[in-house]
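The structure appears below as structure tokens.
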Amino acid sequence: MMISVKPTGIITEFNEPKEMLLVHIDNLPGIRYRELLRLTGLSNGVLAYHLNALEKSSQIRVDRQRENRTTRYYSISIPTQESDILRQLRNNVPREVVKFVLDNDLCTFNEIVEYLGKAASTVSWHLKRLKEGGLISVKYGGEYKLYQIKNRELVSHVISKYKKSLVDNVVNNYTELIEEL
């Protein structure tokens, strides 16, 4: 019998490590390796072994990003289009940018900076990543760049569908802490 502690503090018992991993991956789509390591209490080697077995048996989908050297794990039931959006919304700043632009369509850079209360360079960096990721497009309106969501319906649907996993503050704070190092 294995015990796992969910981010909410709920303790769950599992018979098999693979069962436990599938539950965590289903509940937190886009979860990273270190988060799984912490949540499951498995040793590094045991976790790697079972994730590899789940991937080879096509029970999970693994998204390896070479540019930022991150690996995220998804249930095979999540469409690739949705997992691409989830990957970009796993951290607070890009998620807040997307929510703001969804609510206020055609936002200027200064409006986004003012809303977030972050440095202009930070907002610029995140907007660039969101644009490269295909979530945000830029229109030129006179002297301003105007930002808008490319596929409002799909992005709204993904945020609504996965809201619980996106607002998991314990996981997000831990992820942001690691990424800042």
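Hydrogens, waters and symmetry mates are skipped; everything else that's a heavy atom, side chains included, is used.
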Please give me the minimum heavy-atom distance between [X] and [Y], naming the atom from each residue.
| X | Y | value |
| --- | --- | --- |
| Gly30 | Arg90 | O-NE, 4.1 Å |
| Val101 | Tyr147 | CG1-O, 3.6 Å |
| Phe109 | Ala120 | CZ-O, 3.3 Å |
| Val158 | Glu82 | CG2-CG, 3.6 Å |
| Arg61 | Thr80 | NH2-CA, 3.7 Å |
| Pro17 | Leu42 | CB-CD1, 4.3 Å |

Inspect the surroundings of [atom1] in [X] and state if more than 12 heavy atoms from other residues, nucleotides or ligands are less than 6.0 Å away.
| X | atom1 | answer |
| --- | --- | --- |
| Glu114 | CD | no |
| Lys161 | NZ | yes |
| Gln81 | CD | no |

Verify same cluster id: [X], [Y] (apolar side-chain graph, 4.5 Å):
| X | Y | answer |
| --- | --- | --- |
| Leu146 | Val98 | no |
| Val46 | Leu36 | yes |
| Tyr49 | Val23 | no |
| Tyr115 | Val93 | yes |
| Val138 | Val97 | yes |

Can you find a heavy atom in the side chain of [X] that is under 4.5 Å from one in the side chain of [Y]?
| X | Y | value |
| --- | --- | --- |
| Tyr74 | Arg87 | yes |
| Ile25 | Leu51 | yes |
| Asn44 | Tyr33 | yes |
| Leu21 | Leu47 | yes |
| His50 | Glu16 | no |

Distance, nearest 0.5 Å, that separates [atom1] of [X] from [atom2] of [Y]:
| X | Y | atom1 | atom2 | result |
| --- | --- | --- | --- | --- |
| Thr108 | Glu143 | OG1 | CD | 10.5 Å |
| Ile60 | Ile76 | CD1 | CD1 | 10.0 Å |
| Arg72 | Leu28 | CZ | CG | 11.0 Å |
| Leu89 | Asp84 | CG | CG | 11.0 Å |
| Leu135 | Arg129 | CG | CZ | 14.0 Å |
| Ile78 | Ile85 | CD1 | CD1 | 11.5 Å |

Is it the case that the side chain of [X] and the backbone of [Y] share a donor-acceptor pair, with hydrogens and angles ignored and the cut-off at 3.5 Å?
| X | Y | answer |
| --- | --- | --- |
| Ser160 | Ser156 | no |
| Arg64 | Thr71 | no |
| Arg152 | Leu102 | yes |

task = Take Phe100 and Leu116, measure what side chain to side chain contact (heavy atoms under 4.5 Å, CB included) needs, and give me the verdict at the end.
result = CA-CA 9 Å; Phe100 182 74; Leu116 292 174; 5.9 Å; no
message = Quick one, His24 with Glu35, criterion side chain to side chain contact (heavy atoms under 4.5 Å, CB included). Give me CA distance, side-chain angles, the key distance, then yes/no.
response = CA-CA 10 Å; His24 284 301; Glu35 296 170 74; over 6 Å; no
